[in-house]
Amino acid sequence: GCTVRYSGYLGNWNKLFCSNGNSKYPRLMKLGKDITLWGLEIGLLSMTKGEAALFVLTPEYAYGQRGCPPSIPPNTTVLFKVEVLDFIDSEECDTFFELTCEQRDRLPLEKVLKVAATEREFGNYFFYKQCFKIAKDRYKRALSILGRSSSGKAEQSQINASKLLLFLNLSLTYLKLERADRALKYGELALEMDQGNAKALFRCGQACLYMREYSKSRDYLARAQCIQPFNRDINNELKKLA
């Protein structure tokens, strides 16, 4: 999936026929599904995040002999100005979710962790675009695949490290969704794995403050402050509580 800012032109860069340049947050699109122009697909696959390019696509790489009436006449060369804002490789995720539960269980842990990390990346993408419900769903999808049984302490430790990040992400996302009860639940799950995690203590403190459980909030925030005494966010939350 990639986020692209694009403008399509006819002629000598003088006739605009499509653009998403006015969109503050262009949506995430999938190559081959949302982006189907062969030339554009090939071009985008050659680019890196943050890169801008100009592409001249002859008809066989664009709209063919028929064109796309009324905007694009038959047999037309089109011009595209594109900028790759973000890129997340979702191929392994797509393949993973097509497998049966038995097939997933047989996969090496390394692959499962990679899929979970990519799903978390998607969650982060939607979180920063302020699409909190979609972000929450992507984090939960990542969490759902980490429930497999491990074959030893080393494996479980890797699974737990991945889960911890997701618990923290979910706690913050539920705070944004104004579901403090759920935010507290995921903050506490993070603390079960790492009782000295300042971020988890802070999230729990925020959730309790939102629910007006002031003494509980003070307890969490004071513990967070002991670990990170100069953290401005923690100190500001304690001021708010006071």
Side-chain angles (χ1 to χ4, degrees), residues 25 28 86 88 93 104 109-242:
Y25 297 125
L28 194 68
D86 216 334
I88 305 170
C93 288
R104 290 181 198 180
L109 179 65
E110 187 187 337
K111 223 164 201 172
V112 176
L113 291 173
K114 192 176 176 188
V115 171
T118 304
E119 281 299 312
R120 183 172 164 264
E121 214 179 315
F122 272 111
N124 291 346
Y125 169 84
F126 287 111
F127 182 92
Y128 288 117
K129 294 286 178 279
Q130 300 191 345
C131 302
F132 301 121
K133 282 185 179 175
I134 303 173
K136 178 244 318 170
D137 291 341
R138 297 310 285 246
Y139 293 142
K140 284 195 168 181
R141 192 152 100 133
L143 210 49
S144 73
I145 68 174
L146 294 171
R148 62 188 270 164
S149 52
S150 60
S151 62
K153 269 189 177 179
E155 275 205 357
Q156 193 57 53
S157 174
Q158 286 180 282
I159 292 169
N160 286 352
S162 196
K163 276 185 174 180
L164 178 62
L165 293 172
L166 289 161
F167 290 153
L168 291 168
N169 286 145
L170 278 162
S171 184
L172 178 57
T173 305
Y174 274 115
L175 281 171
K176 294 289 186 183
L177 289 167
E178 298 185 348
R179 289 290 311 276
D181 55 330
R182 306 292 292 166
L184 179 61
K185 177 201 159 184
Y186 283 105
E188 286 174 337
L189 284 169
L191 287 173
E192 281 176 25
M193 288 189 166
D194 179 8
Q195 60 182 4
N197 190 295
K199 203 174 270 188
L201 289 163
F202 178 54
R203 298 276 174 260
C204 290
Q206 284 180 295
C208 290
L209 179 55
Y210 186 89
M211 293 188 289
R212 301 187 179 193
E213 294 183 18
Y214 300 126
S215 62
K216 209 171 167 185
S217 176
R218 189 177 292 107
D219 176 54
Y220 281 124
L221 293 172
R223 283 162 64 194
Q225 192 185 44
C226 281
I227 298 161
Q228 293 186 0
F230 302 109
N231 185 304
R232 189 181 298 169
D233 292 331
I234 295 168
N235 293 333
N236 284 342
E237 206 71 8
L238 277 162
K239 283 177 193 170
K240 199 191 294 183
L241 173 65

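Because the structure is predicted, anything quoted here is derived from the model rather than measured.
Between atom CZ of residue F202 and atom OG of residue S217 there is a gap of 9.5 Å, rounded to the nearest 0.5 Å. Here OH of Y125 is found 7.5 Å from SG of C131. Values are rounded to the nearest 0.5 Å. The distance from the CD atom of Q156 to the CG atom of L109 is 9.0 Å, given to the nearest 0.5 Å.
When every heavy atom of C208 is checked against every heavy atom of L184, the shortest pair comes out as SG-CD1, 3.9 Å. Listed here is the closest heavy atom pair of G187 and A200: O-CB, 3.9 Å. The heavy-atom pair separating C204 from L191 by the smallest distance is SG-CD1, 3.9 Å. What you find for G123 and A135 is that their closest heavy atoms are O-CB, 3.3 Å.
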Are L143 and Y186 close enough, and set up right, to give a side chain to side chain contact (heavy atoms under 4.5 Å, CB included), and what steps lead you there?
CA-CA 12 Å; L143 210 49; Y186 283 105; 4.1 Å; yes
Show your reasoning for whether salt bridge (charged side-chain N to carboxylate O under 4.0 Å, His left out) applies to K185 and E188.
CA-CA 5 Å; K185 177 201 159 184; E188 286 174 337; over 6 Å; no
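For R104, the salt bridge (charged side-chain N to carboxylate O under 4.0 Å, His left out) test picks out no residue, with sequence neighbours left out. Partners of K111 under the salt bridge (charged side-chain N to carboxylate O under 4.0 Å, His left out) rule, at least two apart in sequence or in another chain, do not exist in this structure. With sequence neighbours excluded, no residue forms a salt bridge (charged side-chain N to carboxylate O under 4.0 Å, His left out) with E121. A search for side chain to side chain contact (heavy atoms under 4.5 Å, CB included) contacts involving R223 returns L201, D219, Y220, not counting sequence neighbours. Applying the salt bridge (charged side-chain N to carboxylate O under 4.0 Å, His left out) test to K216 and every residue at least two apart in sequence or in another chain returns E213. Checked against ring pair (Phe, Tyr, Trp, His ring centres under 6.0 Å), F132 has the following partners two or more places apart in sequence or in another chain: F127. Under the side chain to side chain contact (heavy atoms under 4.5 Å, CB included) criterion, Y214 pairs with L209, R212, L241, sequence neighbours left out. Residues that satisfy the side chain to side chain contact (heavy atoms under 4.5 Å, CB included) test with D194, not counting sequence neighbours, are L164, N197.
Looking only at side-chain heavy atoms (C-beta outward), L113 and L146 come within less than 4.5 Å of each other.
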Side-chain donor/acceptor pairs under 3.5 Å, residues 225-236, sequence neighbours excluded:
| from | atom 1 | to | atom 2 | distance (Å) |
| --- | --- | --- | --- | --- |
| Q225 | NE2 | N235 | OD1 | 2.7 |
| Q228 | OE1 | N231 | ND2 | 2.7 |
| N231 | OD1 | D233 | N | 2.9 |
| N231 | OD1 | I234 | N | 3.1 |
| N235 | ND2 | P229 | O | 3.2 |
| N235 | ND2 | N231 | O | 3.3 |
| N236 | ND2 | R232 | O | 3.4 |

Side-chain donor-acceptor distances from residues 166-173 under 3.5 Å, at least two apart:
| from | atom 1 | to | atom 2 | distance (Å) |
| --- | --- | --- | --- | --- |
| N169 | OD1 | R120 | NE | 2.7 |
| S171 | OG | A183 | O | 2.8 |
| T173 | OG1 | N169 | O | 2.7 |

Residues 174-181 side chain polar contacts: donor-acceptor under 3.5 Å, at least two apart:
| from | atom 1 | to | atom 2 | distance (Å) |
| --- | --- | --- | --- | --- |
| Y174 | OH | K140 | NZ | 2.8 |
| R179 | NE | D181 | OD1 | 3.3 |
| R179 | NH2 | D181 | OD2 | 3.4 |

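The stretch residues 123-139 participates, sequence neighbours left out, in these salt bridge (Lys or Arg N to Asp or Glu O under 4.0 Å) pairs: E119-R138.
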